[in-house]
Amino acid sequence: MQAYANRLISRKKSIAFVPTMGFLHEGHLSLMREGRKRGDVLVVSIFVNPTQFGEGEDFDSYPKDLERDLELARKENVDVVFTPDKVSLYENGFQTYVNLEKLPKHLCGISRPIFFQGVATVVTKLFNIVKPSVAIFGQKDYQQLAVIKRMVRDLNFDIEIVGAPTVREPDGLAMSSRNNYLKPEERLAALSLFESLSKAQNLCAEGVLDSDRIINEVKKLIHSHKDSKIDYISICDPDTLEDIKTIESPVVMALAVKVGKTRLIDNMIINY
Ligand code: PAF
């Protein structure tokens with residue numbers, strides 16, 4: 001892949017890159033469409049990255065269907081699907097990781113302490129292998145996008161990072177490969193994430209600006225669904241992800257909820 005990228009660059013071709021963990025859905029396809037517009041050659045990687053999964057998480061059971069993924073990528077006119085294996089990316093003796101100091105200490109980083117180290121490390125490796133001029137990430141993983149943007153600035157990667165809007169099912173559920181785990185009754189309960197974000201937006205529009213009050217309302221809504229356990233609900237600064245007590249400018253509301261055994265995340269910018 002790296003040799004191929006070098007050849008493309010020597011022929012003055014620009015590379016647009018969409019990193020994924022596979023089991024592609026409409027959300028990934030929208031990232032590919034964005035990438036297609038932004039580079040001469042579109043590369044998609046499929047790699048379930050072991051270093052971003054903690055103990056007891058779903059690394060072993062993460063859904064996979066390479067044949068279907070390749071077919072979907074072909075339909076989106078992807079030029080290259082890069083599918084490295086675990087051993088070639090993390091060979092024996094691997095010991096170098098990328099860590100950010102502050103952003104991972106919020107939101108998902110609290111219950112998934114090694115997640116962002118794993119993401120920052122694998123994305124750095126993929127950037128060095130694929131050599132893109134632009135890379136596209138989904139806004140659904142808001143904190144991941146913030147981490148990647150910060151890392152690219154801090155480490156002077158010569159890569160433009162583009163955030164693409166969350167793609168939702170018609171009823172509002174954000175698309176995710178993990179939606180596949182949901183049983184029918186859990187699928188209904190999973191709607192509470194989008195309902196919570198919409199409720200917060202409405203409350204704010206009605207003049208409720210106290211974050212604790214909004215979060216308490218949202219908690220009631222989520223707990224009205226059986227088998228839903230809140231990991232976190234946060235109203236925070238869009239750049240630093242620090243909690244905001246009173247809404248006085250646009251904020252991000254982000255939440256993670258475990259529905260049955262499936263942990264789902266979602267977020268929305270709430271305009272003041
Ligand atoms: O968002 C994902 O699918 C993954 O976290 C990523 C960016 C491909 C890194 O493994």
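The structure displayed is predicted, hence computed values, not measured ones.
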Heavy-atom count around Lys64 NZ within 6.0 Å, excluding the residue itself: above 12? yes

Search all heavy atoms of Ala200 against all heavy atoms of Met253 and return the closest pair with its distance. CB-SD, 3.3 Å

Under a single-linkage definition using a 4.5 Å side-chain heavy-atom cutoff for Ile, Leu, Val, Met, Phe, Trp and Tyr, are Val130 and Tyr4 assigned to the same hydrophobic cluster? yes

Considering all heavy atoms of both residues, which atom of Cys236 and which atom of Leu241 are nearest to each other, and what is their separation? CB-O, 3.4 Å

Should the pair His25 and His28 be assigned to parallel (<30°), tilted (30 to 60°) or perpendicular (>60°) ring geometry? tilted

Heavy atoms of Gln52 and Phe115 approach each other most closely as O-CD1, 3.2 Å

Go through the steps for Arg178 and Asp58 under the test salt bridge (charged side-chain N to carboxylate O under 4.0 Å, His left out), then give the verdict. CA-CA 10 Å; Arg178 289 191 170 102; Asp58 56 346; 2.8 Å; yes

Is any side-chain heavy atom of Lys131 less than 4.5 Å from a side-chain heavy atom of Asn6? yes

Separation between CZ of Arg7 and CD of Gln2, rounded to the nearest 0.5 Å: 12.0 Å

Main chain of Ile222, side chain of Ser192: is a donor-acceptor contact present, judged purely on distance under 3.5 Å? no

Quick check on side chain to side chain donor-acceptor pair (under 3.5 Å): which of Asp171, Thr262, Asn179 does Arg187 satisfy it with? Asp171

Kindly indicate, with the supporting measurements, whether the criterion side-chain contact (heavy atoms from CB on, under 4.5 Å) is fulfilled by Met175 and Arg168. CA-CA 5 Å; Met175 295 220 180; Arg168 298 182 179 280; 5.9 Å; no

Could you walk me through whether Leu209 and Tyr272 satisfy the side-chain contact (heavy atoms from CB on, under 4.5 Å) test, starting with their C-alpha distance in whole Å, then the side-chain angles of each, then the deciding distance to 0.1 Å, before giving a yes or no? CA-CA 9 Å; Leu209 303 177; Tyr272 170 64; 3.7 Å; yes

For Val162, what are the other residues in its hydrophobic cluster, where any two members join if their side-chain heavy atoms are less than 4.5 angstrom apart? Val18, Leu24, Leu29, Leu31, Met32, Leu42, Val44, Ile46, Leu66, Leu70, Leu72, Val78, Val81, Val134, Ile136

pair Leu255-Asp266: side-chain heavy atoms closer than 4.5 Å: yes

Any heavy-atom pair between the side chains of Gln143 and Phe116 that's under 4.5 Å? yes

Looking at every non-hydrogen atom in both residues, tell me the closest pair between Phe53 and Phe59 and how far apart they are. CD2-N, 3.4 Å

Check whether Phe47 forms a cation-pi arrangement with Lys86 (NZ or CZ under 6.0 Å from the six-membered ring centre, at most 45° off the ring normal). no

side-chain contact (heavy atoms from CB on, under 4.5 Å) for Leu182 and Leu188? Distances and angles first, verdict last. CA-CA 9 Å; Leu182 299 169; Leu188 277 178; over 6 Å; no

Kindly compute the distance separating CE (Met1) from CD1 (Ile129), expressed to the nearest 0.5 Å. 9.0 Å

Is Leu100 linked to Phe127 within one hydrophobic cluster, defined over Ile, Leu, Val, Met, Phe, Trp and Tyr using a side-chain heavy-atom separation of less than 4.5 Å? yes

Hey, does Glu217 have a side-chain heavy atom less than 4.5 Å from the side chain of Leu203? yes

Spell out, yes or no, whether Ile265 and Ile233 are grouped together once hydrophobic residues are joined by side-chain heavy atoms under 4.5 Å, including indirect joins. no

Same cluster for Ile244 and Met268 if Ile/Leu/Val/Met/Phe/Trp/Tyr side chains link at under 4.5 Å? yes

Please report the shortest heavy-atom distance between Leu264 and Ala190, naming the atom on each side. CD1-CB, 3.5 Å

Is it the case that more than 12 heavy atoms not belonging to Asp85 sit under 6.0 Å from its CG atom? yes

How long is the gap from OG on Ser234 to CD1 on Ile215, to the nearest 0.5 Å? 6.0 Å

With a 4.0 Å cut-off on N to O distance, would you call Glu160 and Arg38 a salt bridge? yes

Between the side chain of Asp210 and the main-chain N/O of Arg213, is any donor-acceptor distance below 3.5 Å? yes

Contact between Arg150 and Glu101 at the side-chain level, heavy atoms closer than 4.5 Å - yes or no? no

With a 4.5 Å cut-off on side-chain heavy atoms, are Val252 and Ile235 touching? no

Do Arg36 and Asp79 meet the salt-bridge criterion of a basic N to acidic O distance under 4.0 Å? yes

Under 4.5 Å between any side-chain heavy atoms of Phe94 and Thr121, yes or no? yes

Do the side chains of Lys258 and Asp231 get close enough for a salt bridge, i.e. N-O under 4.0 angstrom? no

Would you name the heavy atoms of Ala254 and Leu107 that are closest together and state the gap between them? CB-CD1, 4.1 Å

Ser111 and Tyr232: side chain donor to acceptor below 3.5 Å: no

If you measure from the Lys or Arg side-chain nitrogens to the Asp or Glu carboxylate oxygens, is any gap between Glu57 and Arg112 under 4.0 Å? yes

Test: Arg68 cationic atom under 6.0 Å from Phe23 six-membered ring centre, within 45° of axis: yes

Can you confirm whether Ile9 sits close enough to Ile15 that some side-chain heavy atom of one is under 4.5 Å from a side-chain heavy atom of the other? yes

If I take atom OG1 from residue Thr83 and atom CG from residue Asp69, how far apart are they, to the nearest 0.5 angstrom? 10.5 Å

Where do Asn216 and Lys219 land on the side-chain contact (heavy atoms from CB on, under 4.5 Å) test, with the steps shown first? CA-CA 5 Å; Asn216 280 335; Lys219 277 185 183 162; 4.2 Å; yes

Rounded to the nearest 0.5 Å, the CZ atom of Phe17 sits from the CD1 atom of Ile159 at a distance of 9.0 Å

Once you round to the nearest 0.5 Å, how far does CD of Glu169 lie from OG of Ser176? 10.0 Å

Could you tell me whether the side chain of Ser88 and the main chain of Pro84 form a donor-acceptor pair under 3.5 Å? no

If you group Ile, Leu, Val, Met, Phe, Trp and Tyr by side-chain heavy-atom gaps below 4.5 Å, do Val80 and Met21 land in one group? no

Ser45 backbone acceptor or donor facing Thr20 side chain under 3.5 Å: yes

